[in-house]
K.L.:
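One structure coming up, written as C-alpha cells, with questions to follow.
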Amino acid sequence: MMEVPEDYAKPSQRKIQFPVVRFIANEPDAGKYPLLHLGAGGPGASLGLEPENASDWLWINYAAMTVDDGRDLIIMDPRGTGMAQPRLTCSEFIEDAQTAFRRKLSSDEEARVFTFSMERCYSRLDKAADLAQYNSAIIARDVEALRQQMGVEKFNLYGVSYASRYALTMARDYPDSVRALVLNSAVFPNIVYTQQLAKDSLAAYQRGLQACIEDKLCNSRYPDLGRRLENLVQTLDENPRTIPITHRFSDEEYPFVLTGQRLLRVLFQALYNENFYSDLPKVIEALETSDSADLKPVQAAVSHFMEIVLDPYFGDAAGVSHFCYEEAPFVDFDKARASAADSGILGGAVRSDIELMQVQCRIWAIPSAPLSESKAIATPLPVMLLHGGLDPVLAADDVDKARQKLPNHQWLLFPALAHDIISASNCAEEAAARFLDNPKEDQTDAVKACRREEIANKIPADGDAPPPGQYSHQD
C-alpha cells in the first residue's frame, strides 16, 4: 500500500493509501523502464485486486509488453477506488438500487431515489474524506510520489478509458518522469463528453443496429430493428417486464423490473463489448414477445449492468468528485439539455442523466478545476493511441480530431472493436509491446496483417455464424 497525504498542501494531516502490485520480468532487462498500469478507468472503477476478484487476467493481458519482454509490470488502483483506503463507494446508492430496480418507477421517481442516495452518501463520506482531493491532477501527483518511492527513473504509462486521462496529466505535469504512453480507448480533457452525450449515445445505438442492417442474413432475420427498438422502449415504459437474473453480488435470484429507460442503460453498457452486437437483435426480439424461452441474452446483459451498479469496490463517489471538478465546470448544460431534448425516444435516459449530474455536483459542492484542466495536452512524448470504431463512449471521428494535438503519436484504429482494445485483440498488445521497445517504429502495416489473420481465425464461441458485421471491416 502506497501512503500519501490526502491533501498535498497539508502533508502532516490525513493520510490515504492506494494498492500497488509489481510483477517482476521473467528475464529483467536493465535498460527497459517498467510499465505502470494506471487502473481500470471509470473514473472509480476497480482494477480487480480484491482477493475475491483477482485472477490471472491482471497480468496475462499485459505480459507480452511487460514480463515476457524484460519489463516489469506495475498495477495500481487510484486513490478512492478498489482496494484503496478509504474507498469512496456510495453504499447508499447500492442499497437503494437493490430496491429501486425491483420496482416500476418513472424516470422522475428514480431520480428522486438516487438524489436521496447521493445526499446521504455525501453526508457520510464528507466526515471521512476531503472529496475535493480526488481528481486526475492529484492522482498524477500520487504517481509521481510512487515513482520516487520506488526509485524508478521513468515510467512507461498505460491508461485504459478514463485512466488514459491520468497518463496524459502525468505527461503534462511531470514530463521528465515519463518515457512513453500507451492509451487504450482514450479520454481527452479537451472533449466535453457530457455536452455530446446525447449524440454519442444515439450513435452507439445506431452502430449496434446498423451492424445487423448491413448484414444481409441478419437484416432478413431481424428486419426494421430501429423502429422496433423505439416501440420496445415505449412499450416497456408503459408495461415493464420482470427479468429474473442472477449476479455475483447476490445469492438469490434477482427480479429486475425492466422499463424502457432501464433498457437503454442496459444496452449502452452492453455495447462496450463488440461481442454484444450479435445479441442486440435477439434481445429486441425476445422482449417483443411474452415467451420467456429466449431471454438468455437479455438476462446476460441485465446481469452485467447490475454487476456494475452493485459493485462494492467501485469508487463512485470518487468518480463524482472527478466529474464535478474537471468536467462539469466546462459543460454548457443548456446546450446538453437541448441536444438531449432533440434525441427522441432513445434519448430518454440521457435526459435524466444530465439532470442528475447537475444535482450531484450541487450536493458535492467542491471547487472547480482551473481552465487548464479543459485544455488539450500536447505532450511531445511518444504516444500510442488504440481505439475501436464501435466505441460507445467516443466516436472514432472525434478521436481522430483530438489526436492531432499530439505531435508524436501513432494511431491504430480497430473498426470492428469497441472499448478496451488490448483485452479484445492480441494484435493490439503485440503492437504496444513493439512500440514500447521502439516508439519510432511504425506499427500500422504489422497490425493490419495481424488483424487480418486474427479475424480470419476467429471462431464464434457458440459455433454459429459470425456476429453481424464482425468480419465485414478491415482493421
Side-chain angles (χ1 to χ4, degrees), residues 2 18-41 45-78 82-83 143 146-147 150 152-161 163-164 166-167 170 178-186 273-275 382-388 410 412 414 417-439 441 443 446-447 449-451 453-455 457-459 461 475:
M2 176 66 184
F18 60 92
V20 180
V21 179
R22 185 170 188 164
F23 296 94
I24 305 299
N26 297 324
E27 296 181 6
D29 184 333
K32 293 188 175 182
Y33 294 115
L35 179 72
L36 174 62
H37 188 312
L38 290 162
S46 161
L47 192 58
L49 297 175
E50 310 84 36
E52 62 267 43
N53 292 328
S55 61
D56 288 346
W57 78 265
L58 282 173
W59 65 274
I60 286 178
N61 268 2
Y62 316 103
M65 56 178 166
T66 56
V67 295
D68 290 345
D69 192 34
R71 181 179 291 109
D72 288 1
L73 169 65
I74 304 168
I75 59 178
M76 60 176 276
D77 273 329
M83 289 289 285
V143 171
L146 175 66
R147 184 195 66 79
M150 299 184 81
V152 174
E153 183 183 354
K154 293 178 184 287
F155 280 140
N156 293 296
L157 297 178
Y158 173 81
V160 57
S161 196
S164 61
Y166 304 154
M170 184 73 185
V178 181
R179 174 180 173 267
L181 299 84
V182 176
L183 306 183
N184 177 4
S185 305
N273 189 324
E274 63 279 352
N275 293 324
V383 178
M384 170 169 276
L385 285 169
L386 305 158
H387 204 79
Q410 295 197 39
L412 297 176
F414 295 73
L417 299 181
H419 200 71
D420 187 358
I421 304 306
I422 281 183
S423 292
S425 170
N426 289 334
C427 298
E429 186 191 359
E430 291 164 5
R434 293 190 298 269
F435 167 78
L436 290 173
D437 284 343
N438 181 7
E441 181 184 349
Q443 299 300 322
V447 172
C450 180
R451 277 295 285 165
E453 184 177 351
E454 190 172 53
I455 290 172
N457 291 336
K458 182 168 181 175
I459 301 173
D475 286 28

K.L.:
Using side chain to side chain donor-acceptor pair (under 3.5 Å) as the criterion, list what pairs up with Arg71, not counting sequence neighbours.
P.N.:
Asp437
K.L.:
Looking at Ala64, is its backbone amide N or carbonyl O close enough to the side chain of Glu429 to form a donor-acceptor pair, meaning the two atoms are under 3.5 Å apart?
P.N.:
yes
K.L.:
Do you know which two heavy atoms are closest between Met384 and Ala432, and how far apart they sit?
P.N.:
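Closest pair (atom of Met384, atom of Ala432, distance): SD-CA, 3.8 Å.
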K.L.:
Test of understanding: with side chain to side chain donor-acceptor pair (under 3.5 Å), list the residues that count as partners of Asp77, not counting sequence neighbours.
P.N.:
none
K.L.:
Identify the two heavy atoms, one from Leu181 and one from Ala167, that lie closest to each other, and give their separation to 0.1 Å.
P.N.:
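That closest heavy-atom pairing would be CD2-O, 3.4 Å.
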K.L.:
Among residues at least two apart in sequence or on other chains, which ones pass salt bridge (charged side-chain N to carboxylate O under 4.0 Å, His left out) with Asp68?
P.N.:
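With sequence neighbours excluded, Asp68 shows a salt bridge (charged side-chain N to carboxylate O under 4.0 Å, His left out) to no residue whatsoever.
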K.L.:
Hey, could you give me the CG/CG distance between Leu412 and Leu417, rounded to the nearest 0.5 Å?
P.N.:
11.5 Å
K.L.:
What distance separates Leu385 CG from Gln410 CD, expressed to the nearest 0.5 Å?
P.N.:
10.0 Å
K.L.:
Applying side chain to side chain donor-acceptor pair (under 3.5 Å), can you list everything that pairs with Glu153, at least two apart in sequence or on another chain?
P.N.:
Tyr33
K.L.:
Test of understanding: with salt bridge (charged side-chain N to carboxylate O under 4.0 Å, His left out), list the residues that count as partners of Arg434, not counting sequence neighbours.
P.N.:
none
K.L.:
Find the distance between CG (Asp420) and CG (Leu386) and round it off to the nearest 0.5 Å.
P.N.:
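Reported value, rounded in 0.5 Å steps: 9.5 Å.
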K.L.:
Which residues pass the salt bridge (charged side-chain N to carboxylate O under 4.0 Å, His left out) test with Glu50, sequence neighbours left out?
P.N.:
none
K.L.:
At what distance, to the nearest 0.5 angstrom, does CZ of Phe155 lie from CE of Met150?
P.N.:
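It comes to 5.5 Å.
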K.L.:
Which residues pass the side-chain contact (heavy atoms from CB on, under 4.5 Å) test with Glu441, sequence neighbours left out?
P.N.:
Asn438, Gln443
K.L.:
Output all residues satisfying salt bridge (charged side-chain N to carboxylate O under 4.0 Å, His left out) with Asp72, sequence neighbours left out; order by chain, then residue number.
P.N.:
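Partners of Asp72 by the salt bridge (charged side-chain N to carboxylate O under 4.0 Å, His left out) criterion, ordered by chain and then number, come out as Arg22.
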K.L.:
Is there side-chain contact between Leu38 and Pro78, with at least one heavy-atom pair below 4.5 Å?
P.N.:
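Result no, sub-4.5 Å side-chain heavy-atom pair not found.
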K.L.:
Over all heavy atoms of both residues, which pair between Val160 and Gly39 is shortest? Give the atoms and the distance, please.
P.N.:
CG1-O, 3.5 Å
K.L.:
Is there a side-chain contact between Cys427 and Glu453 in this structure, where contact means two heavy atoms from C-beta onward sitting under 4.5 Å apart?
P.N.:
no
K.L.:
Can you measure from CG (Leu36) to OG1 (Thr66) and round to the nearest 0.5 angstrom?
P.N.:
12.0 Å
K.L.:
If the condition is side-chain contact (heavy atoms from CB on, under 4.5 Å), which residues does Ala40 pass it with, not counting sequence neighbours?
P.N.:
Ala45, Leu47
K.L.:
With sequence neighbours left out, write down each residue that passes side chain to side chain donor-acceptor pair (under 3.5 Å) with Ser164, or none if nothing qualifies.
P.N.:
none
K.L.:
Heavy-atom distance under 4.5 Å between the side chains of Phe23 and Ile75, does that happen here?
P.N.:
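Side-chain contact under 4.5 Å: yes.
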K.L.:
Looking only at heavy atoms, which two atoms of His419 and Ser161 are closest? And how far apart?
P.N.:
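The answer is NE2-OG, 2.9 Å.
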K.L.:
Passes side-chain contact (heavy atoms from CB on, under 4.5 Å), Val447 versus Phe414? Steps please.
P.N.:
CA-CA 10 Å; Val447 172; Phe414 295 73; 3.8 Å; yes
K.L.:
For Tyr158, enumerate each residue passing the ring-ring contact (aromatic ring centres under 6.0 Å, His included) test, keeping only those at least two apart in sequence or located in another chain.
P.N.:
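ring-ring contact (aromatic ring centres under 6.0 Å, His included) check on Tyr158 returns His37, Tyr62.
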K.L.:
Using every non-hydrogen atom in the two residues, find where Glu274 and Ala418 come nearest and quote the distance to one decimal.
P.N.:
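Taking every non-hydrogen atom into account, OE1-N, 3.0 Å.
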K.L.:
Drop me the distance from Lys32's NZ to Met65's CE, to the nearest 0.5 angstrom.
P.N.:
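If I round to the nearest 0.5 Å, the distance is 13.0 Å.
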K.L.:
What's the shortest heavy-atom distance between Leu146 and Val20, and which atoms?
P.N.:
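Residues Leu146 and Val20, closest heavy atoms: CD1-CG2, 3.9 Å.
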